[in-house]
Amino acid sequence: MYGTEVAWCRCTGCGVEAELPARETDGVAVPCPDCAGSMAQEWTWEVAA
């Protein structure tokens, strides 16, 4: 199950943006779905319950 924190990420190669589960992706190299770049976390927030 996903945590309650969400991370806003952007690809370092092509600039595509995505919301990802922060706890599951923190410290992990997440590949971009559109190119050979990797997603870089820009900020996180907690979702309301």
Side-chain angles (χ1 to χ4, degrees):
M1 176 156 189
Y2 292 123
T4 58
E5 291 183 24
V6 176
W8 186 259
C9 301
R10 183 183 311 265
C11 177
T12 57
C14 67
V16 71
E17 300 172 332
E19 291 181 23
L20 301 171
R23 291 183 184 168
E24 286 78 5
T25 58
D26 190 29
V28 177
V30 179
C32 176
D34 293 341
C35 73
S38 61
M39 303 298 282
Q41 184 173 316
E42 294 190 344
W43 63 83
T44 62
W45 67 92
E46 290 188 33
V47 294

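For clarity, every value in this text was computed on a predicted model and none was experimentally measured.
At least one donor-acceptor pair closer than 3.5 Å links the side chain of Thr12 to the backbone N or O of Ser38.
Atom OG1 of Thr25 is separated from atom CD of Glu19 by 11.5 Å, given to the nearest 0.5 angstrom. The structure places SG of Cys9 at 10.0 Å from CD of Glu17, a figure rounded to the nearest 0.5 Å. With values rounded to the nearest 0.5 angstrom, Trp8 atom CH2 is found 12.5 Å from Gln41 atom CD. To the nearest 0.5 Å, atoms CD (Glu24) and CG (Asp26) are separated by 10.0 Å.
Judged as a side-chain contact (heavy atoms from CB on, under 4.5 Å), and not counting sequence neighbours, the contacts of Cys35 are Cys11, Cys14, Cys32.
At a threshold of 4.5 Å between side-chain heavy atoms, the hydrophobic network of Ile, Leu, Val, Met, Phe, Trp and Tyr places Leu20 and Trp43 in two separate groups.
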